[in-house]
Amino acid sequence: MPELPEVEVTKQGIAPIIEGKSISDVVIYDGRLRWPVPINLKNILCDQKVRLLRRRGKYILFEFDHGTMIIHLGMTGVLRIQEKTEPARKHDRVEFHFGKKVLRLHDPRKFGSIHWHPLSETPVDEIPMLKRLGVEPFGPAFEGALGAELLFKKSRSRTVSVKEFLLAGQCVVGVGNIYCSESLFTAGINPKTPAGKVSFKRYELLAESIRVTLEKAIEAGGSSLKDFVNSQGEPGHFMVQTKVYDRTGEPCHQCQSLIKQIKQGQRSTFYCSNCQK
DNA sequence: AGCTCAACCTGGCTGC
DNA sequence: TGCAGCCAGGTTGAGC
């Protein structure tokens with residue numbers, strides 16, 4: 001479920017509730033996520049104050065005085081603030097108590113993860129997991145012409161399709177499978193084009209499309225594909241307006257041609273073969 | 001370094 | 001109704 005907009009909406013939803021608050025308890029219902037949840041998480045976090053919440057790519061960073069907890073939502077993870085009196089549900093994996101409130105990680109497929117990085121000589125942004133990430137789409141390094149320059153330079157001599165190149169996130173983070181198809185449609189680029197063959201002019205269009213697509217999705221409260229709900233349990237509304245994603249066989253809004261679906265790198269891609277050349 | 005593909009796991013939908 | 005098979009928002013790690 002979560003691509004950058006959903007993660008950002010989640011972060012914005014829970015930050016005001018927990019920033020500056022101390023964790024009173026940690027309960028692990030099932031720690032077998034993408035990687036095992038640290039078994040001593042309760043000892044690490046109890047009575048510690050969440051100083052700041054921030055996002056890096058699709059990771060949410062919880063900063064404490066003595067280290068950083070890094071949560072990834074995987075494919076189906078949801079972080080939600082609830083009253084402690086509300087009973088935990090099936091697939092609730094871990095919960096963090098803040099007095100009467102509780103922050104729950106609900107994740108049916110268990111592709112999410114929780115890491116702990118103690119304060120050390122290595123800044124958290126320098127650990128391998130975060131260091132290999134591309135730049136932030138709303139950060140200074142992707143602003144204006146810089147975004148296109150980055151995409152263009154990093155793609156020279158690359159033979160993979162522009163869809164897979166973008167989705168890999170080594171250039172710019174946060175463009176998952178939905179917004180990747182959407183951005184390429186808006187930029188009028190055929191997803192099968194080798195990344196190294198895309199012109200600078202077209203990367204200018206793509207960089208702008210990425211920024212606009214993600215921004216609109218955040219404003220709309222995140223995608224509502226299947227089961228996305230924000231931190232208050234409300235669904236997003238982006239899916240009602242996707243241009244190509246999940247619209248196989250339906251008419252293109254621009255030219256009425258039927259939207260096609262193909263597989264690229266084990267993932268589905270949706271596009272209009274008439275509008276995207 | 002870049003590429004391709006399998007793997008992690010559960011639930012929902014389709015088709016027989 | 002039951003069941004097999006396929007699909008799904010992400011990312012790592014192995015093998016070439």
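Here is the naming used below: chain letters follow the sequence lines, and residue numbers restart at 1 for every chain. Everything numeric in this text was worked out from a predicted model, so none of it was measured.
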message: Please confirm whether the shortest side-chain N or O distance from A:K90 to OP1 or OP2 of B:dT10 is below 4.0 Å.
response: no
Nearest-Å distance for atom pair CZ/P, residues A:F165 and B:dG2: 10 Å
message: Check this one for me: any side-chain N or O of A:H72 less than 4.0 Å away from OP1 or OP2 of C:dG10?
response: no
message: What verdict does the side chain to side chain donor-acceptor pair (under 3.5 Å) test give for A:N177 and A:K163, after you've listed the backbone C-alpha separation in whole Å, the side-chain angles of each residue and the deciding distance to 0.1 Å?
response: CA-CA 9 Å; A:N177 208 37; A:K163 155 75 186 317; 2.9 Å; yes
- prompt: For atom C1', what is the distance between C:dG9 and B:dC3, given to the nearest Å?
  reply: 24 Å
- request: Determine, using ring centers only, whether A:W35 and A:H72 are less than 6.0 Å apart.
  value: no
query: Could you state the CG-C1' distance from A:L4 to C:dT11, rounded to the nearest angstrom?
result: 16 Å
query: Can you check the A:E6 CD to C:dA8 P distance for me, whole Å?
result: 17 Å
query: According to the Watson-Crick and G-U wobble definition with distances under 3.5 Å, which dot-bracket string, read 5' to 3', encodes DNA chain B, using [ ] for crossing pairs and | for pairs with another strand?
result: .|||||||.|||||||
- request: Can you tell me the distance, in whole Å, between the CZ atom of A:R34 and the C1' atom of B:dT10?
  value: 15 Å
task: Verify the distance criterion only: is there a donor paired with an acceptor across the side chains of A:Q264 and A:T269 at less than 3.5 Å?
output: yes
Donor-acceptor contacts under 3.5 Å from residues 45-52 of chain A side chains, at least two apart:
unit_1: A:R51; atom_1: NE; unit_2: A:D65; atom_2: OD1; d: 3.0
unit_1: A:R51; atom_1: NE; unit_2: A:D65; atom_2: OD2; d: 3.2
unit_1: A:R51; atom_1: NH2; unit_2: A:D65; atom_2: OD2; d: 2.8

- prompt: Name the one of A:R54, A:H117, A:K11, A:H115 that satisfies side chain to side chain contact (heavy atoms under 4.5 Å, CB included) with A:L61?
  reply: A:R54
Contacts under 3.5 Å, N or O only, protein and nucleotides 3-6 of chain B:
unit_1: B:dC3; atom_1: OP1; unit_2: A:T159; atom_2: N; d: 2.8
unit_1: B:dC3; atom_1: OP1; unit_2: A:T159; atom_2: OG1; d: 2.8
unit_1: B:dC3; atom_1: OP1; unit_2: A:V160; atom_2: N; d: 3.4
unit_1: B:dC3; atom_1: OP2; unit_2: A:R158; atom_2: NE; d: 2.7
unit_1: B:dC3; atom_1: OP2; unit_2: A:R158; atom_2: NH2; d: 2.4
unit_1: B:dA6; atom_1: N7; unit_2: A:Q266; atom_2: OE1; d: 2.9
unit_1: B:dA6; atom_1: N7; unit_2: A:Q266; atom_2: NE2; d: 3.3
unit_1: B:dA6; atom_1: N6; unit_2: A:Q266; atom_2: NE2; d: 3.4

task: Assess whether side chain to side chain donor-acceptor pair (under 3.5 Å) is satisfied between A:K192 and A:S161, documenting all intermediate values.
output: CA-CA 5 Å; A:K192 291 188 279 192; A:S161 68; over 6 Å; no
task: For A:R109 and B:dA7, give me the distance from atom CZ to atom C1', rounded to whole Å.
output: 12 Å
- prompt: Ring of A:F111 versus six-membered ring of C:dT11: centres under 5.5 Å and planes under 30°?
  reply: no
task: Measure the acute angle between the ring planes of A:W116 and A:H66, then classify it against the limits of 30° and 60° as parallel, tilted or perpendicular.
output: tilted
- prompt: Any luck finding a side-chain donor-acceptor pair between A:T68 and A:E63 under 3.5 Å?
  reply: no
- prompt: Should A:Q261 and A:S268 be marked as a side chain to side chain donor-acceptor pair (under 3.5 Å) after you check the CA-CA gap, both sets of side-chain angles, and the distance that decides it?
  reply: CA-CA 7 Å; A:Q261 175 175 1; A:S268 286; 3.0 Å; yes
task: Taking atom P in both B:dC9 and C:dC3, compute the distance separating them and give it to the nearest angstrom.
output: 24 Å
- prompt: Does a nitrogen or oxygen in the side chain of A:K110 sit under 4.0 Å from OP1 or OP2 of B:dT10?
  reply: yes
field: Proximity to the side chain of A:I178 - top-ranked nucleotide from C:dG9, C:dT12, C:dA8
entry: C:dG9
- request: Let me know the distance between CG of A:L133 and P of C:dT11, rounded to the nearest Å.
  value: 8 Å
task: Quickly work out the A:L167 CG to C:dG9 P distance and round it to whole Å.
output: 9 Å
task: Examine B:dC9: is either OP1 or OP2 under 4.0 Å from a nitrogen or oxygen in the side chain of A:H91? Give yes or no.
output: no
task: Kindly say if A:R267 contacts the phosphate of C:dG9, meaning a side-chain N or O under 4.0 Å from OP1 or OP2.
output: yes
query: At under 4.0 Å, does any side-chain N or O of A:Y59 touch on OP1 or OP2 of C:dT11?
result: no
- prompt: Expressed in angstrom and rounded to an integer, what is the separation of A:R32 atom CZ from B:dA7 atom C1'?
  reply: 17 Å
ILVMFWY cluster, A:F64 and A:I114 together (side-chain gap under 4.5 Å): yes
